[in-house]
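Take a look at the structure below.
Chain A is the first sequence line, chain B the second, and so forth, proteins listed ahead of strands; every chain is numbered from 1.
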Amino acid sequence: MRHWAVLVAMVVQVSAVHGEVLLSEAEISQTLSFGPWPPSLETDPSNRVSGDSRAIALGGALFRDPILSVDGAFSCASCHLPENAFTIPQARALGRAMLDRNSPSLRNLAGLRWYGWGGKSDNLWAASLHPILDELEMANTAENWKDVLQGGLYSRGYEALFGPLAAQPPEQVLVNTGKLLAAYQETLVTAPTAFDAFRDALERGDLVAAASYPETAQQGLQLFLGEGNCVFCHSGPRFSNNEFHDAGVPYFLSETEVDPGRFAGLQTLLSSPYTLNGIWSDDSQKGGAWAVQSVRQSHADFGTFRTPSLRGVAETMPYMHDGSLKDLNAVIRHYNEIDLDRMHADGEAVLSPLELSERQIASLVAFLKTLSEIRE
Amino acid sequence: MIRAALALVLFSSGPGLACGLGGRALAPAESDAPQAYVRFETIPLAQPFALEVEVCGGRDVDDLRVDAIMPAHQHGMNYVPRVTATGHDVFKVEGMLFHMPGLWQLQVDVQLQERVVHYTYPIELR
């Protein structure tokens, strides 16, 4: 408490020579909860090759190679472009047909509790298997993939990590391939940004450095923490609680089809052999399995989607699970004028039209942009 | 030392027994309900945590269930916590997770032989 009192007292002095730290004591405390960034990387105990440099290199090569696709049509990088923050600029990706959802960015995925918009996986290697097997994406099978891998370029690298291919059942080869892809994706981490410099300066009490963070962004941060209610879901160093919410975006795919979101994600998860509670996890302690063991199923899951991280958000437009909002300005306007009639009847009562002014919208966008490396 | 002795007297529920030591009193729905206490450390936002519930009065607890809701948001937790008896009328509750900041209401149902007693406790998470 005394520490903050000193900080607040210093604000007046700082503002005389630089910008000003506008945040209250409570807001500073909340701001510190968004870091430090990046988090310390821990290897995934469910993935025996997590953190292994050979696996990372091999996983990266497989990620970029359409060999994973049954007919060589797609690679992971086709829908997760490395030069586009590991997503695509289109609303939805075109696989063998138009897919239902926006391609999520693949950065900052290590250590999450759930993966995918509907959370159908509880670990990164399992999440990496879905596109390989999905008929609308790579449309491969475990049997075909083993045959392709066995005689090809990557067999030596695979065997150096997992042993002789011939002796392994196809499903094991498939899961190990997911673990290679996961090892690579764990390394995709966004760099610290202007926001982190501000947050870290506040933590060490350097208000001179903190005051160089633009006032417009600070005002946006205040809205983010307060009137905008953004922090309800976008919390912690990743700016995501990694849970599922109805954000008021329509979940109708067509006049006759809906995207059930988390509701379907849970059905897939609970019938999957590839969870942290399953036989394919390399963690004998079954760490993290508590979530799949105790997750609650509810009708309110219908049409809810995982809260996306806001790290690097300015680089990942368009937004929302269906990619229906073209830029950050559109996202804020969506929440500003949210149509409560579209909300789930038994969903959360947390959202209501924000009714922010044009200036406030601009401030919030300015703040969000400081979560990316992009400079104006 | 004096403080420790005082606490022992305050929370004592029977001859020589201290119940609820270091805990926070749960609010019962009925005035004649036995006292019950919850113990927890700093609760992390959107991360799993554990707590402990103790029911006083020397009554045998047949079952104990714990849940939590956010009254203002009209939703509860996304996980079903696991309850394990760790001693006589002392229960460890694991797998709690508050995924949003704000006011949560802890809800505890204690099954005694003849009835179920409902308790609540407010927790503000920032």
### Task
For the pair A:Arg296 and B:Asp67, evaluate side-chain contact (heavy atoms from CB on, under 4.5 Å) and give the outcome as yes or no after the intermediate values.
CA-CA 12 Å; A:Arg296 192 190 302 259; B:Asp67 212 334; 3.0 Å; yes
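- Interface summary for chain A: among B:Pro44, B:Pro48, B:Gly102, the most heavy-atom pairs under 4.5 angstrom belong to B:Pro48.
- Among the candidates A:Ala26, A:Ser33, A:Ser294, the residue making the largest number of heavy-atom pairs closer than 4.5 Å to chain B is A:Ser294.
- Between A:Trp290 and B:Arg82, the shortest heavy-atom contact is CB-NH1, 3.8 Å.
- Open room surrounds CD on A:Gln285; 12 or fewer heavy atoms of other groups in view lie less than 6.0 Å from it.
- Of the two parts of A:Ala291, the backbone and the side chain both hold a non-hydrogen atom closer than 4.5 Å to a non-hydrogen atom of chain B.
- The number of heavy atoms from other shown groups lying within 6.0 Å of NZ (B:Lys92) does not exceed 12.
- A distance of 4.5 Å separates CZ in A:Arg113 from CG in B:Leu97, rounded to the nearest 0.5 Å.
- Sparse packing is recorded around CD of B:Glu41, with 12 or fewer heavy atoms of other residues, nucleotides or ligands lying under 6.0 Å away.
- The aromatic rings of B:Tyr79 and A:Trp114 sit parallel to each other, their planes meeting at less than 30°, with 60° as the upper class boundary.
- Taking a 6.0 Å sphere around CD of B:Gln111, one finds it holds more than 12 heavy atoms contributed by other residues, nucleotides or ligands.
- For the atom pair A:Ser235 OG and B:Gln47 CD, the distance stands at 9.0 Å (nearest 0.5 Å).
- Here the two rings, on B:His75 and A:His245, have centers that are 6.0 Å apart or farther.
- Taking CD of A:Gln297 as the reference point, atom CG of B:Asn78 lies at 12.0 Å (rounded to 0.5 Å).
- The choice from B:Ala46, B:Gly95, B:Pro101 that makes the most heavy-atom pairs within less than 4.5 Å of chain A is B:Pro101.
- Other residues, nucleotides and ligands contribute more than 12 heavy atoms inside 6.0 Å of the CD atom of B:Glu124.
- Neither the backbone nor the side chain of B:Met70 comes within less than 4.5 Å of any heavy atom in chain A.
- Contact annotation: the side chain of A:Asn241 never approaches that of B:Phe98 to less than 4.5 Å [non-hydrogen atoms, C-beta and beyond].
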### Query
Checking side-chain contact (heavy atoms from CB on, under 4.5 Å) for the pair B:His99/A:Asn242: CA distance, chi angles, key distance, verdict?
CA-CA 8 Å; B:His99 60 280; A:Asn242 206 31; over 6 Å; no
